[in-house]
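Encoded as structure tokens, the structure appears first; notes follow it.
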Amino acid sequence: ATPMRLVTALYEGAIDAVEQARLCLATEQIMARSTYVTKTVNILSELIASLDREKGGDISRRLAELYAYMLQRVLEAHTRQADEPLAEVSSLLATLLQGWRSAEVQLAQPVVEEPVGSYSVCETA
């Protein structure tokens, strides 16, 4: 798998874990909720650790801050037993996933170089 595909897989896994945590919260399944919160925390931690801060520059820094914010919100949701922070994290992850999928599609398209000028070839008889 490409690095981009791995990132999208992590986003998909995180979204699934958050949504499962929300379901467990709604149905008062405390142990299962803890499991899914832990899975979400692990995925977000992996996303933070996998950032290339040298090559990524400002984007990498901003993603690290966003991932840290999401970690905070997931833990807050778990502590307070509140759905709203989980819903926010799910929405943020879905937005990021959509962006990465779009980038993946863009990168998969072949690059067609257009000629700089227009040329015509005339034959003389």
Side-chain angles (χ1 to χ4, degrees):
T2 66
M4 290 202 70
R5 180 63 197 124
L6 292 174
V7 171
T8 58
L10 286 171
Y11 285 150
E12 291 164 351
I15 291 167
D16 181 61
V18 169
E19 289 303 317
Q20 290 297 322
R22 293 181 73 196
L23 178 64
C24 292
L25 176 65
T27 57
E28 299 181 6
Q29 297 177 45
I30 298 167
M31 292 302 293
R33 184 184 79 228
S34 294
T35 299
Y36 289 113
V37 164
T38 299
K39 182 175 181 179
T40 304
V41 166
N42 288 341
I43 291 171
L44 289 169
S45 297
E46 181 61 33
L47 286 165
I48 290 169
S50 68
L51 289 170
D52 186 338
R53 295 172 197 273
E54 287 182 28
K55 291 181 184 174
D58 191 49
I59 292 173
S60 179
R61 182 187 56 77
R62 288 177 187 226
L63 278 173
E65 290 171 358
L66 182 58
Y67 296 152
Y69 173 77
M70 288 190 280
L71 269 172
Q72 175 189 0
R73 294 293 281 164
V74 167
L75 294 173
E76 176 187 342
H78 189 50
T79 302
R80 289 186 22 229
Q81 297 183 32
D83 183 66
E84 186 271 324
L86 292 174
E88 179 186 12
V89 169
S90 183
S91 176
L92 289 169
L93 286 166
T95 300
L96 287 168
L97 176 60
Q98 182 181 5
W100 278 90
R101 283 183 175 159
S102 294
E104 203 172 20
V105 168
Q106 290 289 329
L107 290 174
Q109 293 178 356
V111 175
V112 178
E113 301 217 8
E114 296 291 327
V116 175
S118 118
Y119 302 96
S120 65
V121 177
C122 298
E123 288 185 30
T124 55

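A distance of 7.5 Å separates CD of Glu28 from CD1 of Ile30, quoted to the nearest 0.5 Å. Between atom OH of residue Tyr11 and atom CG of residue Leu92 there is a gap of 10.5 Å, rounded to the nearest 0.5 Å. Going from atom CG of Leu93 over to atom CD of Glu88 covers 10.5 Å, rounded to the nearest 0.5 Å. Taken to the nearest 0.5 Å, the CG atom of Leu86 stands 8.5 Å off from the CD atom of Glu19.
At a threshold of 4.5 Å between non-hydrogen side-chain atoms, the residues Leu51 and Leu47 do not count as touching. Under the 4.5 Å side-chain criterion, counting only non-hydrogen atoms from C-beta, Leu63 is in contact with Leu96. Within the 4.5 Å cutoff, no side-chain heavy atoms of Thr2 are placed close to those of Leu107. Within the 4.5 Å cutoff, side-chain heavy atoms of Val41 are placed close to those of Ser45.
Pairing each heavy atom of Ala17 with each of Thr40, the nearest pair is CB-OG1, 3.2 Å. Nearest approach of Leu25 to Arg33, heavy atoms of both residues: CD1-NH1, 3.7 Å. When all heavy atoms are compared, the tightest approach of Ala21 to Val37 is CB-CG2, 4.2 Å. Between Arg61 and Asp58, the closest heavy-atom pair is NH2-OD1, 2.5 Å. Residues Met70 and Val89 share a closest heavy-atom pair of O-CG2, 3.7 Å. Residue His78 comes nearest to Ser34 through the heavy atom pair CE1-OG, 3.2 Å, listed as atom of the first residue, atom of the second, then distance.
Cluster annotation: Leu6 and Ile43 are assigned to distinct hydrophobic clusters (Ile/Leu/Val/Met/Phe/Trp/Tyr, side-chain heavy-atom contacts under 4.5 Å, transitive). Cluster membership for Leu23 and Val18, using ILVMFWY side-chain heavy atoms within less than 4.5 angstrom, is not shared. In the hydrophobic clustering of this structure, Leu10 groups with Tyr69; members are Ile, Leu, Val, Met, Phe, Trp, Tyr whose side-chain heavy atoms approach within less than 4.5 Å, directly or through other members.
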Begin from the C-alpha positions of Glu65 and Arg62 and carry the test salt bridge (charged side-chain N to carboxylate O under 4.0 Å, His left out) through to its verdict. CA-CA 5 Å; Glu65 290 171 358; Arg62 288 177 187 226; over 6 Å; no
Evaluate salt bridge (charged side-chain N to carboxylate O under 4.0 Å, His left out) for Glu104 paired with Arg101, printing each intermediate quantity in order. CA-CA 5 Å; Glu104 203 172 20; Arg101 283 183 175 159; 5.9 Å; no
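For Leu75, the CG atom sits in a packed shell: over 12 heavy atoms of surrounding residues, nucleotides or ligands are nearer than 6.0 Å.
Put simply, the side chain of Ser91 never gets that close to the backbone of Ala87: no donor and acceptor are under 3.5 Å apart. Panel note: side chain Ser60, backbone Gly57; no donor-acceptor pair is recorded below 3.5 Å.
With Trp100 as reference, Met4 is the one residue of Met4, Glu12, Arg5 to meet the side chain to side chain contact (heavy atoms under 4.5 Å, CB included) rule.
Side-chain atoms of Tyr36 and Gln29 include no donor-acceptor pair closer than 3.5 Å.
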